[in-house]
Amino acid sequence: MNKYDPNKIEAKWQKHWEKNKTFCVKEDSKKKKFYSLIEFPYPSGEGLHVGHPRPFTAMDVISRKRRMDGFNVLYPIGFDAFGLPTENHAIKTKQQPAVVTKKNIANFTRQLKLLGYSFDWDRVVDTTDPKYFKWTQWLFLQFYKHGLAYKKNQPINWCPKDKIGLANEEVVNGCCERCGTAVEQRNKEQWMLAITKYAEKLLQGLKEVDYITPARVSQENWIGKSEGALVNFALENSDEKLQVFTTRPDTLFGATFMAVSAELAKSWLDKGWKVSKEIEKYLEKTLSEQKVLDRVEKEKTGIATDKFAINPVNGKKIPVWITNYVLGGVGTGAIMAVPAHDERDFEFAKKFGLPITQVVAPYFYDSNNPPRSDKKTVKRINIQAVVKHWSEDKVIQIQWKEQPWKTFVIGGAEAGEKLEDAVKREVLEETGYKNIKSIKRVGMELRSEWFAAHKDENRYANMNVFEVELADGEKDELSAEESEKHVVAWVPYKDIPSFAGVGELAYIWKELNNKSGCFCEDGVAINSGEFSELKTAETKEKMIAWLEEKKIGKRQVNYKLRDWVFSRQRYWGEPIPLVYCEACAKNKRFESKGEEMNPGWIPVEEKSLPLELPKVDKYEPTDTGESPLAPMTDWVNTKCPRCGGKARRETDTMPNWAGSSWYFLRYTDPHNDKAFAGKDALKYWMSVDWYNGGMEHTVLHLLYSRFWNEFLFDLGLVPTSEPYKKRTSHGMILGPDGEKMSKSRGNVINPDEMIEKFGTDSFRTYIMFMGPFDQAVMWDTNGLVGVRRFLERVWFLQEKISDSPASANAISVLHRTIKKVGEDIDTMRYNTAVAALMQLTNDLMKEETIDKNTYKILIQLLSPFAPHLSEELWAEYGEKDLTFSAWPKFDPALAKSATFTLAVQINGKVRDTIEVDSEISEADVKELVLKSEKVQKWLEGKEPKKIIYIKGKLASVVI
RNA sequence: GCCCGGGUGGUGAAAUUGGUAGACACAAGAGACUUAAAAUCUCUCGCCGCAAGGCAUACCGGUUCGAUUCCGGUCCCGGGCACCA
């Protein structure tokens with residue numbers, strides 16, 4: 001046997017796969033397809049980062065396993081190569097970005113090939129290749145023609161360092177996502193894509209796909225759908241209305257003031273509203289503060305005005321305030337403030353002494369004693385008292401004798417009785433304590449419903465909770481009647497959450513500790529006229545109906561999602577293929593919706609695509625925010641494709657996200673020059689069966705590419721509305737110090753070095769073994785040593801191969817491993833899959849000899865992780881095409897072992913283990929267990945109460 | 001603040017319809033082989049204890065014969081969103 005020499009083996013098989021085009025696929029209607037996708041890398045000058053191989057290897061393992069499962073697998077690769085780092089590097093080194101890109105792609109390709117991935121290298125795409133971006137431009141024109149692209153002058157987020165406009169999504173905490181520089185607001189004409197038109201579709205589409213929860217949730221949050229109502233408030237002494245959007249129309253009765261944004265107030269000023277000097281000053285200050293984009297929560301400020309609004313539901317006059325916490329760009333720029341049920345309004349009302357009116361009561365029903373539909377319901381006013389000890393940190397717990405309840409002091413208020421008096425009376429009656437120091441309300445008035453078994457009726461209570469401090473321990477004897485019903489106990493304050501028997505316990509506990517005084521959840525309407533005692537959902541519906549009937553409001557759906565700023569003022573991106581023609585603007589002869597919306601903007605003719613970038617020496621970004629293409633008059637001045645007259649080109653380029661919004665479609669037919677992809681290819685391969693990528697792309701890239709795909713689906717150009725069936729995400733690989741890898745920290749691991757030292761197979765297997773795939777893991781080169789040892793052992797096992805049949809134990813372990821590895825790969829639990837393979841290998845090492853068949857199955861199971869070593873050994877034993885060999889079949893009968901270790905528990909603790917026959921009967925187990933010396937010892941001659949037998953696992957003796 | 005994750009040996013981590021906590025690896029220690037080193041192999045390895053046994057899955061309580069797993073509460077860490085009305 002030769003020594004295991006990974007470098008030699010790996011080079012050999014990589015050449016073999018390349019020469020034979022093993023992983024290049026064609027559409028084959030006879031075979032089921034599987035399309036696995038990774039996010040194509042940005043080919044930076046740094047070369048491959050050790051983070052790349054984690055998702056790449058993971059999906060390679062899946063792809064290789066799917067091939068062995070009989071699927072026709074497409075696993076493509078490409079390069080997302082437009083973008084800032086390359087452009088900046090090119091500027092610095094005085095090269096053409098195209099040249100730099102080419103070099104970087106070559107280096108990435110070399111590195112990726114060293115990793116032995118089963119990519120279809122015939123389908124490589126490069127977003128900067130004119131043959132590719134011809135279709136990116138063509139697709140943009142479809143958006144344009146269908147009226148989904150429009151030009152808009154609006155403040156944009158400008159990064160002064162990168163000299164580039166940013167989409168809202170690219171601004172993080174008021175700073176540039178890429179470089180961290182504080183973002184400024186600038187006015188600029190920008191091309192926009194109307195992604196908001198697809199908000200509902202993008203939201204609904206999430207229901208039919210299998211995305212990991214965080215990915216789905218963050219998309220939902222980003223789309224930010226909220227349903228509610230628009231309500232018009234009449235202004236006193238004016239014909240004007242003040243319109244607000246609210247998601248809580250059910251709280252209308254609780255609106256005690258109006259809050260408007262500074263922007264809205266300013267617009268009133270411009271219309272001639274006369275205000276005091278103070279208000280003028282306040283507006284000026286607030287507006288200038290809001291220009292600075294910082295997302296940190298500010299101290300709430302505000303100023304009262306001379307305006308009053310009329311609350312349409314109760315005719316009450318309520319003041320209009322200008323505030324800084326209502327934003328101009330959100331909703332209508334004004335709100336109705338309901339301080340009892342909105343934290344922000346609450347905070348503001350407290351600060352300025354504005355009235356707070358409760359109109360929603362927290363609602364609870366006791367799930368242990370739910371109201372019964374066959375019993376009558378009695379309405380009552382109730383009180384509960386949390387009675388605190390005069391010197392210790394304890395409260396009274398009433399322990400009921402007839403019911404399993406442990407409650408506070410609880411009772412009813414009699415007709416006309418003041419609630420505080422009821423509290424005093426009940427405390428005296430139920431506990432005997434006489435001297436009360438203070439009584440304070442806890443939380444709000446609430447509603448509670450339960451079945452009162454002792455009275456055989458349902459109770460619907462107007463419940464009021466009080467905190468009662470005793471002055472001292474002086475008390476009366478309890479009446480015989482009371483002491484028969486319950487026991488009075490003092491329990492530690494912190495044990496309150498373990499009380500039982502009241503539905504509202506959690507609410508009381510929260511309010512006791514955090515006296516916010518504001519309730520923002522659903523409940524029951526109170527103090528709301530005809531709507532009182534209705535549940536929140538029902539109140540909303542009825543209120544909207546009422547508003548619509550009275551013509552003072554209507555149902556409204558809002559989305560947080562904003563349209564996509566699609567212009568960039570940089571060189572290294574796809575030119576936007578539009579020209580501006582003044583003559584055509586005047587003629588008003590529009591050939592598409594886009595031209596109607598953007599008069600004078602004429603699409604470049606499709607036959608003249610791609611519109612390439614001019615090759616020039618100087619393409620630095622400008623400080624003015626103008627595109628570097630703008631001064632290139634030779635390129636800019638052109639003929640109008642419509643009228644032949646003078647025209648100039650759009651000088652903005654597309655954002656980085658454009659090319660990556662449809663690359664998965666191009667992979668299905670990458671060389672097509674008649675269409676972005678052929679219908680048959682799309683029909684066969686789409687949609688992507690499994691897409692793995694970084695969490696950082698779950699909002700932007702995922703949303704944008706879904707948007708493009710859904711738009712193309714509506715045009716009938718792609719076969720499915722959702723592009724990805726399944727989406728998963730990998731955790732980050734951290735440096736050996738547990739920090740994010742970065743050059744400045746000096747904790748960067750170079751994959752080339754690792755591969756040279758340990759071999760690709762060890763590297764791949766280690767990356768899969770490191771830890772749970774979806775969690776961040778620390779790099780540890782020592783771990784790589786361990787994996788290399790494992791592969792050495794697999795290699796060494798050849799020595800043990802003989803003609804004698806496999807032992808029963810070996811067969812059993814082998815079959816359990818077949819099951820485990822297959823299942824673990826399918827669910828991305830790679831770390832335990834590798835552990836199982838190690839276990840099997842260790843077990844086989846202990847065998848005298850092993851048979852060839854067992855060894856070959858081990859090789860197959862290992863092959864997705866360590867394909868080179870596996871191919872070499874597979875060939876060694878006279879086989880061909882490991883890639884397409886059938887995945888080993890699990891046989892449950894063979895996986896069974898003859899005996900198992902029975903754990904014997906006594907009162908839940910393991911006291912003994914006995915090796916027993918797998919087919920042992922329950923009766924035999926019980927007999928055997930009782931014979932055990934250890935059990936005898938613990939029993940001390942007594943009879944066990946019972947013996948529980950869990951088949952194949954354990955017996956539990958209860959004493 | 002809200003929404004997701006997560007908290008288990010010296011380290012990375014295993015363990016799901018509730019059933020032997022620590023699989024698999026790393027590190028460490030002891031030994032074998034060797035002139036020596038590396039490599040390899042064997043053994044030990046949660047904590048306390050000579051042992052019997054006790055204590056251990058962030059913490060407190062509950063349900064259960066039995067809880068890392070289920071329920072209630074508390075604390076801490078990571079990620080995302082953040083005056084969205």
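Below, chains carry the letters A, B, ... as their sequence lines are ordered, and counting in each starts from 1.
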Enquirer: Which nucleotide sits closest to the side chain of A:N907: B:A25, B:C83, B:C65?
Expert: B:C65
Enquirer: Need the pair for B:U20. Rule: Watson-Crick or G-U wobble, both distances under 3.5 Å, any strand; none if unpaired.
Expert: none
Enquirer: Kindly point out which of B:A13, B:C84, B:G12 is positioned nearest to the side chain of A:K560?
Expert: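 Looking only at heavy atoms from C-beta outward on A:K560, the closest nucleotide is B:C84.
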Enquirer: In terms of side-chain geometry, is the basic nitrogen of A:E200 or A:K225 positioned less than 4.0 Å from the acidic oxygen of its partner?
Expert: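 Looking at A:K225 together with A:E200, the answer is yes, because their closest N to O distance falls below 4.0 Å.
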Enquirer: According to the Watson-Crick and G-U wobble definitions, with both distances under 3.5 Å, which nucleotide is paired to B:A85?
Expert: none
Enquirer: From the options B:C24, B:C65, B:C84, select the nucleotide whose nearest atom is closest to the side chain of A:I948.
Expert: B:C65
Enquirer: Which base sits across from B:A38 as a Watson-Crick or G-U pair, both distances under 3.5 Å?
Expert: none
Enquirer: Does B:U64 pair with anything, Watson-Crick or G-U wobble, both distances under 3.5 Å, and if so, with which nucleotide?
Expert: none
Enquirer: Sub-3.5 Å donor-acceptor pair from the side chain of A:E263 to the main-chain atoms of A:G328, do we have one?
Expert: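 Yes.
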Enquirer: Taking the P atom in each of B:C77 and B:C43, what is the distance between them to the nearest angstrom?
Expert: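 To the nearest whole Å, 43 Å.
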Enquirer: Check the phosphate of B:C55 against A:K909, side-chain N and O only, distance under 4.0 Å to OP1 or OP2. Yes or no?
Expert: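 Looking at the OP1 and OP2 atoms of B:C55, one of them is under 4.0 Å from a side-chain N or O of A:K909.
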Enquirer: Would you call A:K3 and A:D5 a salt bridge, using N to O less than 4.0 angstrom?
Expert: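 Answer for the salt bridge query: no.
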Enquirer: Whom does B:A58 pair with, Watson-Crick or G-U wobble, provided both distances fall under 3.5 Å?
Expert: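 Here B:A58 is engaged in a pair, and the nucleotide opposite it is B:U74.
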Enquirer: Please say whether more than 12 non-hydrogen atoms of neighbouring residues, nucleotides or ligands are located less than 6.0 Å from NZ in A:K351.
Expert: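 Enclosed: over 12 neighbouring heavy atoms sit under 6.0 Å from NZ of A:K351.
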Enquirer: Between the side-chain atoms of A:Q905 and the base atoms of B:G19, is any donor-acceptor pair under 3.5 Å?
Expert: yes
Enquirer: Which comes earlier along RNA chain B counting from the 5' end, the contact point of A:K934 or that of A:T332, where each point is its nearest nucleotide?
Expert: A:K934
